[in-house]
Amino acid sequence: MGDVLVIGTMDTKGQEVGFLVDTLTKAGATWRVINIGVFEPDHSDVPVAVTPTELASLAGADINELRRGGEQGGTRSLALDAMAAGLEVVLRREYEAGTLGAVLGFGGSSGSSVIGRAIQALPVGVPKVLVSTMASGDVTPYVGTRDVTLMYSVTDIAGLNRISRVVLRNAAMAAAGMARGMEEDETSEPDRPLIAISMFGVTTPAVMAVQKALDQRDLETTVFHATGAGGRAMEDLVRDGLIDAVVDLTTSELTDELVGGVLSAGPDRMEAAGLAGIPQVLVPGALEVINFGAEPTVPQQFRVPERRVHVHNSAVTICRTNLDESRELGRIFTRKANLATGPTMVVLPLAGLSAIGAPGQPYEDREADEALFNEIRTGLREDIPLVEVDAAINDPAFAARVVEVFDQLWAQR
């Protein structure tokens with residue numbers, strides 16, 4: 001079993017580190033401590049495998065300079081950045097050496113920012129546990145698109161008591177179990193090619209039909225919810241080389257990035273697969289949908305009849321794109337499709353981009369959809385085939401055509 005790497009600030013939380021390593025020992029796990037605290041440890045009985053001096057050096061910084069800056073009220077963020085950069089190097093090194101069983105980090109806002117940033121450098125599948133005072137709020141900075149197991153500390157991490165001992169004990173036992181599971185690796189099923197599919201509630205029938213067909217071809221599928229985080233995760237896994245092809249049925253995160261909705265996946269969405277050269281089927285699925293939170297959060301400028309405000313559920317309210325936005329989205333979609341370096345085809349659902357954009361539904365708007373399609377028709381590279389299907393995206397005929405297109409691309413890989 002690989003070692004559990006215990007990460008904490010020994011200058012303020014040495015007692016808690018000692019409790020964690022004692023618990024790991026009782027659980028039969030081997031461990032090593034990485035100290036990310038800039039100042040001298042307050043618990044010298046615990047052996048430290050990686051010191052802040054080494055972390056600073058790996059980041060191209062001097063620990064004494066960092067300490068002087070902190071003592072004199074200097075910019076604390078410089079020390080945090082150095083610890084995070086050095087920790088990332090160490091974690092990559094341990095992973096590549098095959099000595100890493102699990103990561104067990106804990107801290108307040110500063111410690112969590114250092115650990116959360118660094119552990120995102122590890123691939124999916126490597127056990128990562130983070131106990132944090134920040135785990136009940138927006139956890140994006142600590143998780144990113146990785147499989148980080150977050151545990152809320154409930155109380156501040158400032159000494160041991162009947163609450164903190166229970167929380168830390170559970171975290172240590174979880175990390176020990178994960179490390180043991182990594183060693184045993186009970187997965188006996190051989191790896192099959194993995195196909196990523198993007199989905200939204202309003203494109204679910206299409207995704208399920210495509211997924212079923214691909215499963216019948218002895219391909220493994222993984223579905224990403226187009227909520228911003230889902231799109232970012234899919235793009236990152238493509239860059240990591242874990243995805244063999246993409247059926248991008250739901251590219252609505254492009255809309256939120258353009259218009260200011262809440263489910264943007266950032267400016268690089270719909271680019272990774274093309275740049276990686278893997279097969280990709282691209283569909284402007286749900287591109288007419290702008291996402292906001294609960295109905296009261298919809299900005300005033302969208303509260304006009306043209307936008308057709310629609311309460312999807314208690315937490316999500318959507319609006320419709322207008323004609324100009326549809327044209328611009330067509331240009332954006334086309335520009336990203338044209339980045340492709342591998343087998344690529346674009347498939348258009350001419351009768352509706354989503355369940356609520358189909359004929360007779362609230363977001364049906366043939367003029368806006370046609371403006372989107374025309375930008376794709378005129379701007380798409382000549383060597384990228386364009387397939388037009390006279391069906392709405394969730395019609396069985398459309399899913400069947402997407403599968404046919406995928407089969408063609410998969411044969412070209």
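Note that the structure is predicted; figures quoted are calculated from it, not measured.
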Trainee: Looking only at atom types and distance, does a side-chain atom of Q361 sit under 3.5 Å from a main-chain N or O of A358, one as donor and one as acceptor?
Mentor: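 Side chain of Q361 to backbone of A358: no pair is present.
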Trainee: Can you tell if the side chain of K336 reaches within under 4.5 Å of the side chain of D268, non-hydrogen atoms only?
Mentor: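 Sidechains of D268 and K336: no contact.
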Trainee: Would you indicate whether the side-chain heavy atoms of V346 and V387 approach each other to under 4.5 Å?
Mentor: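 Side-chain contact under 4.5 Å: no.
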Trainee: Does CE belonging to M173 count more than 12 external heavy atoms closer than 6.0 Å?
Mentor: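 Open: at most 12 neighbouring heavy atoms sit under 6.0 Å from CE of M173.
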Trainee: Between R303 and E295, is a salt bridge (charged side-chain N to carboxylate O under 4.0 Å, His left out) present by the stated rule, with each step listed?
Mentor: CA-CA 10 Å; R303 296 178 179 276; E295 195 275 335; 2.6 Å; yes
Trainee: Shortest non-hydrogen contact from L160 to S164?
Mentor: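 Closest heavy-atom pair between L160 and S164: CA-OG, 3.3 Å.
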Trainee: When you measure from the side chain of N291 to the backbone N and O of L263, does any donor-acceptor pair fall under 3.5 Å?
Mentor: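 Absent.
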Trainee: Does R327 form a salt bridge (charged side-chain N to carboxylate O under 4.0 Å, His left out) with E375? I'd like the steps, not just the answer.
Mentor: CA-CA 6 Å; R327 289 195 184 97; E375 292 296 335; 5.1 Å; no
Trainee: Report yes or no: do T12 and T9 form a side-chain donor-acceptor pair below 3.5 Å?
Mentor: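 Yes, T9 and T12 have a side-chain donor paired with an acceptor closer than 3.5 Å.
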Trainee: Measure the shortest side-chain to side-chain distance between L386 and I384 over non-hydrogen atoms and say whether it is less than 4.5 angstrom.
Mentor: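 They are not in side-chain contact.
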Trainee: Quick check: closest heavy atoms across T145 and A229, and the distance to 0.1 Å?
Mentor: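 Heavy-atom minimum between the residues: CG2-O, 4.3 Å.
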Trainee: What's the shortest heavy-atom distance between V103 and L122, and which atoms?
Mentor: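 Heavy-atom minimum between the residues: CG2-CD1, 3.8 Å.
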Trainee: With a 4.5 Å cut-off on side-chain heavy atoms, are L55 and I34 touching?
Mentor: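 Side chain of I34 against side chain of L55, heavy atoms only: contact under 4.5 Å found.
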Trainee: Taking side chain to side chain contact (heavy atoms under 4.5 Å, CB included) as the criterion, tell me which of V50, I119, V126 meets it with L91.
Mentor: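 Testing each of V50, I119, V126 against L91, the sole residue satisfying side chain to side chain contact (heavy atoms under 4.5 Å, CB included) is I119.
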Trainee: Just by distance, do the side chain of T25 and the backbone of T23 share a donor-acceptor pair under 3.5 Å?
Mentor: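 No; zero donor-acceptor contacts below 3.5 Å.
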Trainee: Kindly compute the distance separating CG (L282) from CD1 (I376), expressed to the nearest 0.5 Å.
Mentor: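 It is 9.5 Å, given to the nearest 0.5 Å.
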Trainee: Is a side-chain N or O of T321 found less than 3.5 angstrom from the main chain of S326, in a donor-acceptor match?
Mentor: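 Checked: no pair found.
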Trainee: Hey, does V238 have a side-chain heavy atom less than 4.5 Å from the side chain of V246?
Mentor: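 Heavy-atom side-chain distance check passes, below 4.5 Å.
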Trainee: Do the non-hydrogen side-chain atoms of F224 and T222 ever get within less than 4.5 Å of each other?
Mentor: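 Side chain of F224 against side chain of T222, heavy atoms only: contact under 4.5 Å found.
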Trainee: Which pairs with one or both residues in residues 51-60 pass side chain to side chain donor-acceptor pair (under 3.5 Å), sequence neighbours excluded?
Mentor: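 For residues 51-60: E54-R93.
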Trainee: Report the distance from atom OG1 of T155 to atom CZ of R162, rounding to the nearest 0.5 Å.
Mentor: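 T155 atom OG1 to R162 atom CZ measures 12.5 Å (nearest 0.5 Å).
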Trainee: Look at the side chain of E364 and the backbone N and O of G352, then say whether any donor-acceptor pair between them is shorter than 3.5 Å.
Mentor: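 No, because the side chain of E364 does not come within donor-acceptor range (under 3.5 Å) of the backbone of G352.
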Trainee: Quick one: does T344's side chain have a donor or acceptor within less than 3.5 Å of a partner on A340's backbone?
Mentor: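 No.
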Trainee: What is the minimum heavy-atom distance between G144 and Q120, and which atoms define it?
Mentor: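 Looking at all heavy atoms of both residues, the shortest contact is CA-OE1, 3.3 Å.
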Trainee: Does a donor on one side chain sit under 3.5 Å from an acceptor on the other, for Q211 and T221?
Mentor: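 Yes, because at least one side-chain N or O of Q211 sits under 3.5 Å from a partner of the opposite role on T221.
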Trainee: Can a donor-acceptor pair be found, under 3.5 Å and without considering hydrogens, that links the side chain of D147 to the backbone of G125?
Mentor: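 Side chain of D147 to backbone of G125, a donor-acceptor pair under 3.5 Å: yes, one is there.
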Trainee: Decide salt bridge (charged side-chain N to carboxylate O under 4.0 Å, His left out) for R269 and D248; before the verdict, give the C-alpha distance in whole Å, the side-chain angles of both, and the deciding distance to 0.1 Å.
Mentor: CA-CA 11 Å; R269 177 68 176 90; D248 215 345; 2.8 Å; yes
Trainee: Can you see which heavy atom on A286 is nearest to which on T250, and at what distance?
Mentor: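 Minimum heavy-atom separation between A286 and T250: CB-CG2, 4.2 Å.
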Trainee: Please determine which of L353, L348, V283, L350 meets the side chain to side chain contact (heavy atoms under 4.5 Å, CB included) test together with I393.
Mentor: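 Running side chain to side chain contact (heavy atoms under 4.5 Å, CB included) over L353, L348, V283, L350 with I393 returns exactly one hit, V283.
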Trainee: So, D156 and T133: side-chain donor and acceptor under 3.5 Å apart, yes or no?
Mentor: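 Side-chain D/A pair, D156 to T133: absent.
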Trainee: Report yes if the side chains of L87 and I36 come closer than 4.5 Å at any heavy-atom pair, otherwise no.
Mentor: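 With C-beta onward as the side chain, the pair touches.
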Trainee: Judged by atom type as modelled, is there a donor-acceptor pair below 3.5 Å linking the side chain of N322 to the main-chain atoms of D324?
Mentor: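 Yes: the side chain of N322 pairs with the backbone of D324.
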Trainee: Could you check E96 against R92 for salt bridge (charged side-chain N to carboxylate O under 4.0 Å, His left out), going step by step and ending with a plain yes or no?
Mentor: CA-CA 6 Å; E96 292 168 0; R92 288 183 184 274; 5.6 Å; no
Trainee: Taking the side chain from Y142 and the backbone from I115, do they hold a donor-acceptor pair closer than 3.5 Å?
Mentor: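 The answer is no, because no donor-acceptor pair under 3.5 Å joins these two groups.
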Trainee: Is the backbone N or O of A272 less than 3.5 Å from a side-chain atom of E235, with the two atoms forming a donor-acceptor pair by type?
Mentor: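 Checking the backbone N and O of A272 against the side chain of E235, a donor-acceptor pair under 3.5 Å is found.
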Trainee: Working to the nearest 0.5 angstrom, can you tell me the gap between T251 OG1 and E257 CD?
Mentor: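 T251 OG1 to E257 CD: 13.5 Å, rounded to 0.5 Å.
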Trainee: Assess the side chains of S354 and E288: does a donor N or O sit below 3.5 Å from an acceptor N or O?
Mentor: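 Result is yes, a qualifying pair exists.
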Trainee: Give, for atom CZ of R320 and atom CZ of F302, the distance between the pair rounded to the nearest 0.5 Å.
Mentor: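 CZ of F302 is found 13.5 Å from CZ of R320.
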Trainee: Can you label the angle between the F406 ring and the W410 ring as parallel, tilted or perpendicular, going by 30° and 60°?
Mentor: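 Parallel.
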Trainee: Could you give the distance from OG1 (T317) to NE2 (H312), rounded to the nearest 0.5 Å?
Mentor: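 The NE2 atom of H312 is 10.0 Å from OG1 of T317, to the nearest 0.5 Å.
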Trainee: Could you tell me which non-hydrogen atom of K128 sits nearest to which non-hydrogen atom of R146, and how far apart they are?
Mentor: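 Here K128 and R146 meet closest at CE-CB, 4.4 Å.
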Trainee: Per the side chain to side chain donor-acceptor pair (under 3.5 Å) rule, which among S112, S109, S153 passes with S132?
Mentor: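 Per the side chain to side chain donor-acceptor pair (under 3.5 Å) rule, the option paired with S132 is S112, out of S112, S109, S153.
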Trainee: With no hydrogens and no angle check, just 3.5 Å: does a side-chain donor-acceptor pair link T99 and E94?
Mentor: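 Yes.
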Trainee: Does the side chain of L5 reach to within under 4.5 Å of the side chain of L100, using non-hydrogen atoms?
Mentor: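 With C-beta onward as the side chain, the pair touches.
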